[in-house]
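So that the names make sense, note that chain A is the first sequence line, chain B the second, and so on, each numbered from 1. Everything quoted here is computed from the prediction, not taken from an experiment.
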Amino acid sequence: MKAVIDFRAQLNPVQLEAVTHGTGPLLIVAGAGSGKTRILTCRVAHLISQGVQPSAILGVTFTNKAADEMARRVEKLVSASVPLSTFHSFCLRVLRAESDHIPYQRNFVVYDKTDQLTLVKDCMRRLNISEKHAKPRAFSNAISRAKDRLITAPQFAKSVKSYMDESVANVYSEYETAILKANAMDFDDLIMRCVELFQKQHDILAKYQQRFSYMLVDEFQDTNHAQYVLTKLLAQKHRNICVVGDPDQSIYRFRGAEIRNILDFERDFKDARVILLEQNYRSTATILEAANHVVSHNVERKEKKLWTKNDAGAPVSIFRAADENDEARFVARCIRELSDEQAIASLNDVVIFYRIHALSRVFEEEFRRARLPHAIIGDVGFYSRREIKDIVAYLRVVVNPADDVNVRRIVNVPHRGLGESSQEVLARYARACSISFYDALDQAAKVPRLAAGMKRKIGQFMTLLKKLQKAAQSMLPTEFIRLVLDETHYIEEMCGSGDTQDRARVENIKELISAAAEYENTCPDERASIDGFLHEIALSSELDSWNDSAESVTLMTVHNAKGLEFPVVFMVGLEEDLFPHFNSLEDPTDVEEERRLCYVGMTRAQKRLTMTSAYHRTVFGQRKVREPSRFLTELPSTHSEVRISDHRDSITDAPPPEQPRRGSATHVPDNGEYQAGLRVKHPHFGPGVIESVQGSGDEARLTIKFESLPGPKVLVAKYAKLRAAR
DNA sequence: CAGTCGACTATTTTT
DNA sequence: TAGTCGACTG
């Protein structure tokens with residue numbers, strides 16, 4: 001198929017260059033709103049119009065949603081469907097296709113975070129590591145980070161440097177044995193096993209290298225080491241590799257992403273063409289300036305200046321609310337006003353970003369009260385709800401009985417009188433004979449120290465499982481789920497208690513059946529199967545199914561905001577300890593990531609940006625005085641407009657319970673008695689000396705030279721949390 | 001073995 | 001605050 005497309009009308013010269021770049025490596029550094037998605041889609045369309053087979057293009061995006069979106073747009077341009085995927089879904093497909101060549105059986109399953117954590121806990125128990133001493137979460141994270149860097153358990157064991165490392169090494173090793181036995185892979189395994197396969201089996205690698213003559217990787221700044229290695233392996237042969245990224249938008253370092261990959265790309269592909277896209281088409285000049293200004297506070301950053309031809313637009317609106325309820329009310333009122341004034345065409349034009357999900361609750365309550373239609377993205381994902389995990393566990397067990405985690409999940413759900421202690425007996429037996437938990441159940445009759453009554457109950461359970469297994473051979477996912485519900489009486493048992501959550505649970509189960517039906521209808525190869533469905537849901541998230549056609553305001557975390565844009569953006573909870581989050585405050589590098597996160601949020605806005613904070617907020621059930629985020633003070637004052645809640649007085653009347661500070665240092669009076677020369681101490685910057693004071697009272701601006709900082713810093717007295725130092 | 005109670009503690013962010 | 005975890009009792 002050859003159809004010349006003239007992109008010149010819709011692209012600027014730099015974009016055109018990126019789109020029509022021929023062969024060889026290409027690095028596109030695409031600033032926020034510079035038309036990145038358009039370039040990627042046009043490039044794919046361009047390649048196809050040049051005669052490249054769609055199936056020869058490997059496009060990798062960050063989320064399934066982005067993949068779908070891009071596929072849709074490509075299809076519109078050239079009416080060809082290009083297989084776009086995420087790293088994880090691509091690897092899963094490869095591993096399934098090549099299952100004969102990996103140390104797994106064909107029917108392996110994918111473990112999500114919860115399964116992974118259960119398994120880690122299990123391993124810890126076997127190694128006699130107390131959960132109090134070290135958190136399971138810490139171990140699972142450490143294991144994930146190791147896998148991101150392609151470090152195997154034996155390699156990890158060789159490089160231990162501390163006592164903690166040693167524990168991790170032990171758990172890691174135990175975990176690897178267990179997960180392999182369970183015939184399961186976690187998210188990180190998908191990448192790592194795929195790399196391993198390619199490195200060990202050159203013929204297989206060659207096959208995929210041959211197949212994909214062009215590669216595109218989106219959100220390159222958020223790829224981890226393993227993903228980059230995978231990319232390099234695949235691109236080695238043709239070297240037609242195009243990566244797109246923006247270092248300023250790297251927000252997944254905590255998950256192993258390496259911004260360095262962008263720099264390494266130029267090193268690894270010396271002949272790479274580098275194209276910088278710096279014109280922003282999305283935001284008003286004011287918003288863009290403000291965002292640029294904030295992110296320019298990052299030290300570890302390559303200088304880059306986005307610009308735009310767009311109008312200045314309204315100033316960035318800063319609002320200080322009395323407390324979190326006041327904040328939510330304010331946002332709701334603003335949205336109403338915008339809507340009434342017809343400043344927005346639809347509620348879909350509005351989004352609310354917060355740093356952590358916990359903040360969504362207040363807004364949810366307020367919006368419900370205000371009858372403002374809204375959709376909350378994320379939080380407890382659909383597939384991690386208990387009832388869904390329970391039912392899905394049955395599917396998983398039927399497909400892969402070796403999956404101990406899920407066998408143990410369902411063995412007593414619904415209750416069958418097979419509690420903790422008999423499970424423990426079985427688990428011990430299984431381990432002694434080195435068989436799976438399932439096999440132990442199957443041989444229950446032979447297991448000593450098990451009451452006859454138990455053996456009978458286990459027998460009944462096994463009869464049920466075998467019946468299900470047999471039925472599964474010839475059933476579609478929907479039919480099978482219904483069968484499970486019938487046979488186990490799950491709904492009656494778990495949802496018949498009159499609990500308020502029961503109705504939602506039943507709804508969720510119905511939703512699961514719908515999802516299965518949806519899968520069956522769209523299954524590409526007409527071979528809808530239970531394990532196919534399992535793989536489908538393993539990598540799906542709520543964001544993917546987010547339907548932006550419903551008329552409603554969207555609420556989501558800033559992390560979910562990547563790649564999206566909205567005419568009206570509210571960023572809420574901009575307070576120290578929250579955004580930047582307190583876990584990041586120790587390490588300047590982490591704070592820089594928070595700042596990039598803030599930058600990503602701000603640059604989603606097209607027309608209006610409002611950033612709010614509260615004077616008081618209830619955190620951990622305790623009312624606390626809050627300090628506005630440093631990111632707010634980093635905004636250029638010329639581009640913003642500050643408003644303070646009318647309710648402020650009524651709040652400040654109530655004396656905040658001033659928590660006693662440790663140590664003998666006294667509070668610097670916040671009634672304006674600052675003077676140059678005073679030695680002070682700041683919670684983050686440490687000791688310093690006031691160089692000069694401008695203004696007085698709370699609003700006084702203090703220029704302070706901190707010992708920890710190279711130059712003096714200007715702080716507003718009220719928010720500086722200063723203490724006197726001797 | 002299961003249900004209830006109280007204590008406790010944890011909160012980023014996600015494919 | 002709320003959700004989880006563990007101990008205790010029926």
Would you mind reading off the distance between [X] atom [atom1] and [N] atom [atom2], rounded to a whole angstrom?
X	N	atom1	atom2	result
A:Phe353	B:dT13	CZ	C1'	14 Å
A:Arg145	B:dT15	CZ	P	14 Å
A:Phe254	B:dT14	CZ	C1'	6 Å
A:Tyr599	B:dT13	OH	C1'	20 Å
A:Asp186	B:dT15	CG	P	15 Å
A:Met185	B:dT15	CE	C1'	16 Å
A:Phe582	B:dT13	CZ	P	11 Å
A:Glu365	C:dT1	CD	C1'	11 Å

Does OP1 or OP2 of [N] have a side-chain N or O of [X] closer than 4.0 Å?
X	N	result
A:Asn560	B:dT13	no
A:His415	B:dG3	yes
A:Ser89	B:dT15	no

If you look at every strand shown and take non-hydrogen atoms under 4.0 Å, does [X] touch a base, only sugar-phosphate, or nothing?
X	answer
A:Phe87	nothing
A:Gly419	sugar-phosphate
A:Leu418	sugar-phosphate
A:Ser584	nothing

Identify, with sequence neighbours excluded, every residue that meets side-chain hydrogen bond (donor to acceptor under 3.5 Å, both in side chains) alongside [X].
X	result
A:Asn325	none
A:Glu324	A:Thr618
A:Asn508	A:Glu387

Any chance you could list the contact pattern along nucleotides 2-10 of chain C? Use B for base contacts, S for sugar-phosphate-only contacts and - for none, protein heavy atoms under 4.0 Å, 5' to 3'.
-> S--S-----

A:Gln116 versus A:Ser140, side-chain donor and acceptor atoms under 3.5 Å |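 Side-chain D/A pair, A:Ser140 to A:Gln116: absent.
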
For residues A:His581 and A:Glu594, is any side-chain donor paired with an opposing acceptor at under 3.5 Å?
->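 No donor-acceptor contact under 3.5 Å links the two side chains.
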
5'-most by nearest nucleotide on DNA chain B - A:Glu593 or A:Glu420 |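 Between the two, 5'-proximity favours A:Glu420.
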
Between A:Phe187 and A:Asn412, which is nearer to the 5' end of DNA chain B once each is assigned its nearest nucleotide?
->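 Counting from the 5' end, the first nearest nucleotide belongs to A:Asn412.
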
Who passes salt bridge (charged side-chain N to carboxylate O under 4.0 Å, His left out) against A:Arg137, sequence neighbours left out?
->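 Counting only residues at least two positions away or on another chain, A:Arg137 forms no salt bridge (charged side-chain N to carboxylate O under 4.0 Å, His left out).
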
Taking salt bridge (charged side-chain N to carboxylate O under 4.0 Å, His left out) as the test, write out the residues that go with A:Glu196, two or more places apart.
->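 Applying salt bridge (charged side-chain N to carboxylate O under 4.0 Å, His left out) to A:Glu196 gives A:Arg193, A:Lys200.
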
For A:Phe62 and B:dT15, do the ring centres fall under 5.5 Å apart while the planes stay under 30° apart?
->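 No, A:Phe62 does not stack on the base of B:dT15.
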
Run through A:Asp122, A:Asp115, A:Asp390, A:Asp403 and flag the one making a salt bridge (charged side-chain N to carboxylate O under 4.0 Å, His left out) with A:Arg409.
->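 That would be A:Asp390; it is the only one of A:Asp122, A:Asp115, A:Asp390, A:Asp403 passing the salt bridge (charged side-chain N to carboxylate O under 4.0 Å, His left out) with A:Arg409.
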
